[in-house]
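Structure, as structure tokens:
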Protein chains: 2
Amino acid sequence: MVIERLPKPLRQQQLLKIIEENPFVTDQELTRQLKVSIQTIRLDRMELGIPELRERMKQMAERSLDQVRSLPLDEVIGEVIDLQLDKSGISIFEIREEHVFSRTGIARGHHIFAQANSLAVAVINNEIALTASADIRFVRSVQLGEKCIAKAYVRSMSGKKGKAKVEVFTYVGEEMVFQGNFLIYRSTGEEYSEGVSQHENRD
Amino acid sequence: MVIERLPKPLRQQQLLKIIEENPFVTDQELTRQLKVSIQTIRLDRMELGIPELRERMKQMAERSLDQVRSLPLDEVIGEVIDLQLDKSGISIFEIREEHVFSRTGIARGHHIFAQANSLAVAVINNEIALTASADIRFVRSVQLGEKCIAKAYVRSMSGKKGKAKVEVFTYVGEEMVFQGNFLIYRSTGEEYSEGVSQHENRD
DNA sequence: CAATAATTAGAACCAGGTACTAATATGTAG
DNA sequence: CTACATATTAGTACCTGGTTCTAATTATTG
């Protein structure tokens, strides 16, 4: 093995570090910093699975684009296909390009949450319904193109004002991908005062 | 002037729009969409001051890099203003028209959740970080125009892979409006398999 | 010493351009 | 109708930052 010019694994580690803290470095510059030929640099990149400069920039650019695309989700998430007020409800939400991380195709958590939350709120038959708290589990990741079917069940109610417990399960086919317990605050709408929060029913 | 092949200013406007909604388009593709020669496309880009594809990608990549400097400025909802990996982070998110119920001006829960969730994920210094579960409370409702300041603290970590507990508090001014405990699954990225979920870290 | 691993060299090729020159429409004003 | 101006297209040379492939040259080690 090499002894003078720094052992290979060590050099590769350095290469990794250099690129990590400056992704815009060219192979040309790397030869200067690591004192090896450009071919060696390229072999190293290959072995380490590091793409070329342009590909690295492209990936970063895509990531920054994702940020912009993720914001404009205002309306109620998912399509409600069944609703029995104060009892249960079902909604469908298909994962599209704008809902996933472009690199992995995995859906962003807040979209899955949003569908469930929207449904939990919709199922409550009050002028105003806001999520007070929630306890949620992402059972498995959801991929681009998958159809999420959320089912909500009202587990308990306390009077015309007060709180309601709603349980939501989200499925892709037979598989459960998400589960959550929502505590929904219900009000007639006279005042949306303190000690409570998020979300009302219908727009 | 041209009459058949669509007047120049109109074509340039279209070009601008196409690039705006898909910055990754090549001149080659633009010729197909606008039905003019590649030279015309390039003259148009010149006149409009639109740089070439690679330059556009580079700029996007740079922007995403120096927003928080260092890579981990992910798919964060809200603007990250401080980030100490594996320790803590702060982000700001202003509630605008598109985030509220039009009738009441109350912010929809999933936006508040999204900010907190994004930050909880961003603060974890791993290739992939996904929300496994969360326990959240909406303390009080947030109104249109209010600035939400989310603060995340890593409470515990278990090795390089495994789970991390992150606590997030969101404030409007002095008031706490949201609080959540997130269990984040961390992985090196070899496989984003089962039994886990949402959200990854860096690209 | 021969076999193996690591490194270097070099040439061909590629995408997605820039820069520049020149020819060819297409109008429009006089 | 002609002259001139503006638009559009064509074509070539060149650039960066690579990939791919073949081959030669150094170690290194068993």
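Throughout, a chain's letter reflects where its sequence line sits, starting with A, and its residues are numbered from 1.
- When the side-chain contact (heavy atoms from CB on, under 4.5 Å) test is applied to A:Glu52, the partners found at least two apart in sequence or on another chain are A:Arg45, A:Arg54, A:Glu55.
- Using a 4.0 Å heavy-atom distance criterion, A:Leu43 is classed as a base contact.
- A salt bridge links A:Arg140 with A:Glu146: at least one charged nitrogen is closer than 4.0 Å to a carboxylate oxygen.
- For B:Arg11, the side-chain atoms get nearest to D:dT8 when compared with the rest of D:dT8, C:dT8, C:dT7.
- Residue B:Glu55 contributes atom CD, which lies 13 Å from atom C1' of C:dG16 at whole-angstrom precision.
- Residues satisfying the side chain to side chain donor-acceptor pair (under 3.5 Å) criterion with A:Gln33, sequence neighbours excluded, are absent altogether.
- With hydrogens and angles ignored, the 3.5 Å screen pairs a side-chain donor or acceptor of A:Arg56 with a backbone N or O of A:Pro51.
- In this structure, CD1 of A:Ile41 is placed 13 Å from P of C:dA9, rounded to the nearest angstrom.
- Proximity of a side-chain donor or acceptor of A:Ser91 to a complementary backbone N or O of A:Leu119 within less than 3.5 Å is not detected.
- Cation-pi geometry between B:Lys147 and B:Phe93 is not satisfied (NZ or CZ under 6.0 Å from the ring centre, within 45° of the ring normal).
- To the nearest angstrom, P of D:dA7 lies 4 Å from NZ of B:Lys8.
- Atom pair B:Ile38:CD1 and D:dT9:P shows a separation of 12 Å (rounding to whole Å applied).
- Within the 3.5 Å criterion, the main-chain N or O of B:Cys148 finds a donor-acceptor partner in the side chain of B:Gln115.
- Taking atom CG on B:Leu30 and atom C1' on C:dG16, their separation rounds to 12 Å, with Å as the unit.
- Atom CG of B:Asp44 and atom P of D:dT8 are 7 Å apart (whole Å).
- If you take CD1 of B:Ile19 and C1' of C:dG17, they are 13 Å apart, rounded to a whole angstrom.
- The nearest whole Å value for the distance from the CG atom in A:Leu34 to the C1' atom in C:dT7 is 14 Å.
- Contact annotation: B:Ser37 side-chain N/O to D:dT9 OP1/OP2 distance is under 4.0 Å.
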- Task: Sugar-phosphate means primed atoms, P, OP1 and OP2; the rest is base. With that split, encode nucleotides 16-21 of chain D 5' to 3' as B, S or - using protein heavy atoms under 4.0 Å.
- Result: BBBBS-

